[in-house]
Amino acid sequence: MTVRTRFAPSPTGRLHIGGARTALFNYLFARHHHGSFLLRIEDTDRERSTAENTQLILDSLAWLGLKADEPPLLQSTRQARHVEVARQLLASGHAYRCYLTPEELEAMRAEAKAAGRNLRIRSPWRDRDPAEAPQGRPFVVRLRAPREGETVIDDLVQGSVRVANTELDDMIILRSDGTPIYQHAVVVDDHDMAITHVIRGDDHFTNTFRQAQIYDAMGWERPRFAHVPLIHGPDGAKLSKRHGAQSVTEFREMGYLPEALCNYLLRLGWGHGDVEIVSRADAIRLFDIDEVGRAPSRMDYAKLAHVNSVWLREADDTRLARDVLERLAGRDDLALGPDSERRITALMPALKERAKTLVELAEAATFLVRPLPLAFTPKATAQLTPENKAMLRELAGEIAATEFAAAPLDALLRSHAERTGRKMGAVAQPLRAALTGSTVSPGIEAVLVALGREEALARIAAAAAA
RNA sequence: GACCCCUUCGUCUAAUGGUUAGGACACCAGCCUUUCACGCUGGUAACACGGGUUCGAGCCCCGUAGGGGUCACCA
């Protein structure tokens with residue numbers, strides 16, 4: 001059997017971080033078993049679904065590197081088929097027309113609530129002769145679910161779970177306007193798409209029992225189910241706006257790398273010995289769905305930041321520099337020029353070791369592209385004493401005559417310090433202040449190289465003259 | 001409320017019924033050092049609780065507590 005999985009988001013919003021993890025698990029499971037990973041857009045809620053959201057979700061999935069093996073299927077295009085299956089169920093007696101009115105339903109709810117009972121819709125139309133059906137009155141189509149016995153789901157994550165059929169009521173599969181209900185559409189689509197493994201959020205678990213009854217009624221083989229626990233906020237409550245970012249789009253804007261987000265999400269709820277940093281290739285090799293834990297896990301933004309810093313250091317310098325440039329573009333306090341990309345790329349090996357996100361990285365790179373004269377922080381100003389300015393002027397001459405590479409510049413500063421009886425810090429800090437306007441930066445020789453001879457000397461001259 | 005699920009350091013997790021309960025993040029201390037980081041070394045910190053079963057339980061069983069999910073003509 002060839003494994004076929006699917007991710008089925010509904011385009012009522014952006015791709016949620018929990019959805020991203022579900023998609024990742026589906027993708028990894030399919031790849032691990034040399035199967036296919038498919039996409040289905042559940043856009044049957046015409047009110048809330050938008051084409052814009054669909055595109056945003058597709059973009060996020062692409063950004064995460066979760067490419068589907070077939071074009072995405074739009075659920076809304078399949079309505080005729082959903083109705084057809086409902087008719088078959090009607091014809092075979094596995095479904096019936098229910099003429100219960102909203103008022104009658106409401107009365108049943110009120111009664112159940114008043115009696116402190118749990119509501120189970122028991123439609124009288126289940127057992128009535130269809131000949132008694134009122135002509136012209138609207139009806140819904142309900143599944144004639146078994147009343148005896150139990151329904152068992154052998155879930156790949158949750159294990160074997162059984163529910164008495166008396167707990168399940170006859171769910172609606174077709175609305176009174178003739179359109180299919182999501183629960184029904186999902187089953188028909190998963191079957192028609194030949195999905196073998198339905199990996200989805202645990203919030204769908206209860207529905208699975210009702211969906212299973214549709215498979216059974218149609219005589220279709222049920223796929224294997226795997227319900228993965230949800231992601232909670234740091235306080236254990238359901239992840240919501242007040243916890244911070246929750247859509248992939250937001251994490252992207254906040255400067256997280258896709259490989260880092262995937263790595264973090266993978267380790268949330270899944271463990272494989274001591275592995276922490278997992279590449280996509282390793283993930284495909286190691287991941288299997290039955291290793292996913294059953295307890296919900298909490299979002300830990302600090303750990304995500306750490307994982308991101310690890311992948312930042314692994315990332316290609318040119319790629320990072322381009323991203324930084326994009327983030328810096330349009331800022332009117334900067335002077336981006338033809339040399340900007342060169343400078344940022346040159347310093348990238350040092351910069352990326354000091355940042356946890358691309359936002360931090362971009363901010364740390366700003367000094368490279370600031371117009372002269374530089375603004376100095378108070379601590380930097382304190383470094384620029386008359387004595388130190390004199391030293392800087394002297395140093396400028398030596399620097400002008402030195403090869404612009406890290407090793408010779410480092411040697412130059414050290415010999416200067418030794419010759420003038422200064423500690424290295426007493427030389428480097430004033431120079432750092434002059435070059436960056438701050439007292440914090442990557443190694444000073446790397447900064448010199450990134451700036452280039454001309455710019456470095458201009459900055460030293462400006463600071464010494466200030 | 002009903003049904004279902006869950007419970008190992010603060011967090012994410014590891015541990016054929018036999019381990020000083022391991023790792024990672026975070027936190028603390030020290031080292032390195034031209035600043036800031038990185039890195040290195042060390043440290044604090046967990047089997048929710050109560051009963052069983054067993055020579056022996058974090059692992060098995062029962063209960064309690066706490067947390068979560070679902071109970072729409074939404075998806």
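In what follows, chains are A, B, ... by sequence order, proteins preceding strands, each numbered from 1. This structure is a prediction, so every number in the text was calculated from the model and none was measured.
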Residue pair A/Asp274/A/Val163 against RNA chain B: nearer the 5' end by closest nucleotide is A/Val163
Residue met sooner reading RNA chain B from 5', once A/Ser441 and A/Gly271 are mapped to nucleotides: A/Gly271
In whole angstrom, what separates [X]'s [atom1] from [N]'s [atom2]?
| X | N | atom1 | atom2 | answer |
| --- | --- | --- | --- | --- |
| A/Asp300 | B/rC27 | CG | P | 11 Å |
| A/Arg313 | B/rC36 | CZ | P | 18 Å |
| A/Gln158 | B/rG68 | CD | C1' | 11 Å |
| A/Asp169 | B/rC73 | CG | C1' | 13 Å |
| A/His306 | B/rG23 | NE2 | P | 15 Å |
| A/Lys356 | B/rC25 | NZ | C1' | 9 Å |
| A/Glu276 | B/rG23 | CD | P | 12 Å |
| A/Arg175 | B/rC73 | CZ | C1' | 6 Å |

Compare side-chain N and O positions of A/Thr44 against OP1 and OP2 of B/rA75 and report whether any pair is under 4.0 Å apart. yes
Kindly say if A/Arg48 contacts the phosphate of B/rA75, meaning a side-chain N or O under 4.0 Å from OP1 or OP2. no
Is [X] touching bases, backbone alone, or none of the nucleic acid, heavy atoms closer than 4.0 Å?
| X | result |
| --- | --- |
| A/Asp43 | nothing |
| A/Gly201 | nothing |
| A/Gln183 | base |
| A/Ala295 | sugar-phosphate |
| A/Pro442 | base |
| A/His204 | base |
| A/Arg267 | base |
| A/Ser49 | nothing |
| A/Val161 | sugar-phosphate |
| A/Asp410 | base |
| A/Ile444 | base |
| A/Leu304 | nothing |

Closest to the [X] side chain: [options]?
| X | options | result |
| --- | --- | --- |
| A/Glu353 | B/rU11, B/rC38, B/rA24 | B/rC38 |
| A/Glu167 | B/rC3, B/rU34, B/rA75 | B/rC3 |
| A/Phe205 | B/rA75, B/rC4, B/rC73 | B/rC4 |
| A/Pro296 | B/rC6, B/rU35, B/rA75 | B/rC6 |
| A/Arg294 | B/rA2, B/rC6, B/rA75 | B/rC6 |
| A/Lys303 | B/rA75, B/rA24, B/rC4 | B/rA24 |

[N] base / [X] side chain donor-acceptor hit below 3.5 Å:
| X | N | result |
| --- | --- | --- |
| A/Ser297 | B/rC12 | no |
| A/Arg432 | B/rU34 | yes |
| A/Arg354 | B/rC36 | yes |

Can you see whether [X] engages [Y] through a side-chain donor-acceptor pair at a distance of less than 3.5 angstrom?
| X | Y | result |
| --- | --- | --- |
| A/Gln429 | A/Arg432 | yes |
| A/His32 | A/Arg285 | no |
| A/Asn26 | A/His197 | no |
| A/Ser10 | A/Arg48 | no |
| A/Asn207 | A/Tyr182 | no |

On a heavy-atom basis, which atom in A/Arg14 and which in A/Ser247 lie closest, and how many Å separate them? CB-CB, 3.9 Å
With side-chain contact (heavy atoms from CB on, under 4.5 Å) as the test, pick out the partner of A/Phe7 among A/Leu38, A/Ile199, A/Thr22. A/Thr22
Across all strands, who's sitting opposite [N] as a Watson-Crick or G-U wobble pair, both distances under 3.5 Å?
| N | answer |
| --- | --- |
| B/rA46 | none |
| B/rU54 | none |
| B/rU41 | B/rA29 |
| B/rA24 | B/rU11 |
| B/rU70 | B/rA2 |

Nearest-angstrom distance, [atom1] atom, [N] to [M]:
| N | M | atom1 | result |
| --- | --- | --- | --- |
| B/rU41 | B/rG66 | C1' | 39 Å |
| B/rA46 | B/rG23 | P | 14 Å |
| B/rG30 | B/rU64 | C1' | 46 Å |
| B/rG58 | B/rC9 | C1' | 13 Å |
| B/rA14 | B/rC55 | P | 31 Å |
| B/rU53 | B/rC59 | C1' | 13 Å |

More than 12 heavy atoms of other residues, nucleotides or ligands under 6.0 Å from CD of A/Glu104: is that the case? yes
Before we go on, tell me: are the rings of A/Phe225 and A/Phe205 under 6.0 Å apart, centre to centre? no
